[in-house]
Amino acid sequence: MADPQISVPRVRFAPSPSGYLHIGGARTALFNWLWARKHGGSFVVRIEDTDQERSSLESVRAILESMKWLGMDWDEGPEVGGAHEPYFQSERKALYKAAADKLIAEGKAYRCYCTKEELDAQREALKAKDPKAQFRYPGTCRNRQDQPDLPYVVRFKTPSEGATVFDDLVFGKISTPNSQQQDFVLVRPNGLPLYNLAAVVDDHAMGINLVARGRDHIGNTPQQVMLYEALGYEVPRFAHLPMMLSAKGEKLSKRHASVSVSEYQDKGYTAAGVLNYLARFGWSSGDQEIFTVQELIDKFDWAQVGKSDGKFDQKKFADVAFEHLKQSELTSDAEYLDLVRPFLADAGISDPDPKILREALPLIRERAHDLKDAAHHLDFYFRQPPIFEEKATKKFLKPESAEYLRGFAAAISALDSWTAEALETAFKSYVEAQDVKMKVVAQPVRVALSGRSASPGLFEVMIVLGKDLSLQRLEEGALRAEEAQTTA
RNA sequence: GGCCCCAUCGUCUAGCGGUUAGGACACUGGCCUCUCACGCCGGUAACACGAGUUCGAAUCUCGUUGGGGUCACCA
């Protein structure tokens, strides 16, 4: 395989602003970004908004926001500018027109006055005659000499003989017979270019030397190669990525759960987790599953990118994301707290005691699988009283529990050292004195402290809450337990 | 349908002529245990099929089957 590092990489991510940043698009952006960062190259973002109907500024904003959230910064593009401005194709019309004019002047392209309606009619007529037949533009205007004062499109004179070949970094040599190609349209009647022309002109103008994109673009590549050659441009390297499919193996679309990056953000996954999963989708580095962003940059290589399509696995993704939250080497305490704060606010806790937060964090690490979950695990420390889960209360705060709650409270209220060890010793001797199983006391205590039947270890929770609040909650729990009797 | 591409556990994958085919997720048996979780030990589970090439094929070649992509005045 040829060395893709012939020069410092200039790669790009070129979304069309017709929706949010798609999870598959994010992976394409990621592979480009990793490659640029690894080799000190440039990562360019270009907005492909030549289709006025579908493009919106709102989409541009959403896509850029998601890129930023993921931490994929761009060296050139919207907002940051660069040496090849502008980065919106809708603002680069002159360039495309010049290229189209040049092609026409050299006899490599021509004006076509056939209307869309006429062509659609021909297409349908053919379909009616032979449903399997494939309609190709018949070349009606190919050798036309006159230039009527009518709307026209510009078509490329595609050679009908031979084949167009390119060497893909992932798939190797791909050869397509030119007979498959038709005289495709370069410019619309309104003067705006179509994708193939615009992409080629811009990639050349912007000095892009590696075009990495989804495999669904393989079919466009031969046309683009022809354009590069016709325009006298150097052909860049290409790298096509295998498809990211839904769990059912279908092409990812809005119909499937969570296709937009912002959804993952809202659900409480971290950017590092998303990036890690995305990177491992189609790429691997031996048996390693968990990577920091820096490791991704260091280890990414096209040679390790696979060819076969994959299905998105929500469970695996959730696990990778969890791993990043669990390990303090991956997400530091300070980072974690910054990340969880907005989710706590959503849960109604807008000004959490930083001391409690710090002390509770270690208890959350191995329990919270995402940030929403983390906020939930954290919330009872701050709510006074905590929210009592009905099932837990009903099951464990029964009248006979009141005695244990008060008894245990009495046993620990005398403690002069409020440590987990001291609490555990006191708990055990109390349980022993009562001659009951530990859980008989433990569960009512847990519910009294947290409002839930599941929580971190009792003594750890009491340390975080502190002596006063712990004793208060035990007493309040006892009251609740007694109340259960009267209302039962 | 034409053209292009792909094919290892259910899923993501390691493997790049000689391995008891490895890891991770999921599933599952057990341990730990004040609950939940984490963790630890173990288990089920894959080279799509058929011909070659070779002393030897998951690895190379061809075919079959299956899957995907693409055939626009979308990108």
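Predicted model, so just to flag it, every value in this text is computed and none were measured. In what follows, every chain begins at residue 1, and chains take the letters A, B, ... in the order their sequences are listed.
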Taking ring-ring contact (aromatic ring centres under 6.0 Å, His included) as the definition, give me every residue that meets it alongside A:F238, ordered by chain and number, with sequence neighbours left out.
A:F166

Given A:K116 and A:D120, is the side chain to side chain contact (heavy atoms under 4.5 Å, CB included) satisfied, shown in steps?
CA-CA 6 Å; A:K116 189 167 196 314; A:D120 285 346; 3.5 Å; yes

If the C1' atom of B:G42 is compared with that of B:C5, how far apart are they to the nearest Å?
41 Å

Could you please name the partner base of B:G52, counting Watson-Crick and G-U wobble pairs only when both distances are under 3.5 Å?
B:C60

Whole-Å C1' distance, B:U61 and B:C9
27 Å

For A:N178 and A:E161, which I'm curious about, is there any donor-acceptor pair between the side chains at under 3.5 Å?
no

Assign each of A:D319 and A:F171 to its nearest nucleotide of RNA chain B by heavy atoms, then name whichever residue's nucleotide is nearer the 5' end.
A:F171

With a non-hydrogen cut-off below 4.0 angstrom, is A:S179 in contact with a base, only sugar-phosphate, or nothing?
nothing

Can you check the distance between B:A14 and B:A7, where both ends of the measurement are the P atom (answer in whole Å)?
10 Å

Could you tell me if the ring centre of A:Y277 sits under 6.0 Å from that of A:Y269?
no

Taking only the P atom of each, what is the distance from B:C34 to B:G29 in whole angstrom?
22 Å

Salt bridge (charged side-chain N to carboxylate O under 4.0 Å, His left out): which pairs involve residues 212-227 of chain A, sequence neighbours left out?
A:R215-A:D309

Scan every strand shown for a Watson-Crick or G-U wobble partner of B:G39, both distances under 3.5 Å, and answer none if you come up empty.
B:C31

For the P atoms, the ones on B:C38 and on B:A24, what distance do you get once it is rounded to whole angstrom?
15 Å

Verify side chain to side chain donor-acceptor pair (under 3.5 Å) between A:K299 and A:Q288, making sure each step is shown before the conclusion.
CA-CA 11 Å; A:K299 296 185 177 183; A:Q288 188 171 350; 2.8 Å; yes

Among B:C6, B:C3, B:G68, the nucleotide that comes nearest once only the side chain of A:D309 is considered:
B:G68

For every nucleotide of nucleotides 29-39 of chain B, 5' to 3': is a protein heavy atom under 4.0 Å from its base (B), only from its sugar-phosphate (S), or from neither (-)?
-----BBBBSS

By the Watson-Crick or G-U definition, both distances under 3.5 Å, B:C47 is matched with none

Determine the Euclidean distance between corresponding P atoms of B:C12 and B:A48; express it in Å to zero decimal places.
14 Å

Nucleotide B:U11, atom P - distance to NZ of A:K311 in whole Å
5 Å

Rounded to the nearest 0.5 Å, what separates atom CD in A:Q147 from atom OH in A:Y113?
4.5 Å

Quick check: closest heavy atoms across A:D333 and A:S328, and the distance to 0.1 Å?
OD1-CB, 4.4 Å

Counting primed atoms plus P, OP1 and OP2 as sugar-phosphate and everything else as base, spell out the protein contacts along nucleotides 70-75 of chain B at 4.0 Å heavy-atom distance: B, S or - for each nucleotide, 5' to 3'.
SBBBBB

Those residues at least two apart in sequence (or on a different chain) that pass side-chain contact (heavy atoms from CB on, under 4.5 Å) with A:Q434 are A:E403, A:Y404, A:Y430, A:V436

Strictly by Watson-Crick or wobble contacts shorter than 3.5 Å, is anything paired with B:U65, and which nucleotide is it?
B:A7

May I ask you to evaluate whether A:K307 reaches the phosphate of B:C6, defined as a side-chain N or O under 4.0 Å from OP1 or OP2?
yes

What is the separation between atom CG on A:L241 and atom C1' on B:C5, rounded to the nearest whole Å?
14 Å

Phosphate OP1/OP2 of B:C3 contacted by A:T176 side-chain N/O (<4.0 Å)
no

In whole Å, what separates the P atom of B:U70 from that of B:G30?
48 Å

Could you let me know what B:C16 is paired to, Watson-Crick or G-U wobble, both distances under 3.5 Å, or none if it's on its own?
none

Suppose we call a contact any N or O donor and acceptor under 3.5 Å apart; does that hold for the side chain of A:E289 and the base of B:G23?
yes

What distance, rounded to whole Å, do you find between the two P atoms, one in B:C6 and one in B:C60?
11 Å

Selection residues 172-188 of chain A - residue pairs positive for salt bridge (charged side-chain N to carboxylate O under 4.0 Å, His left out), sequence neighbours left out:
A:R142-A:D183

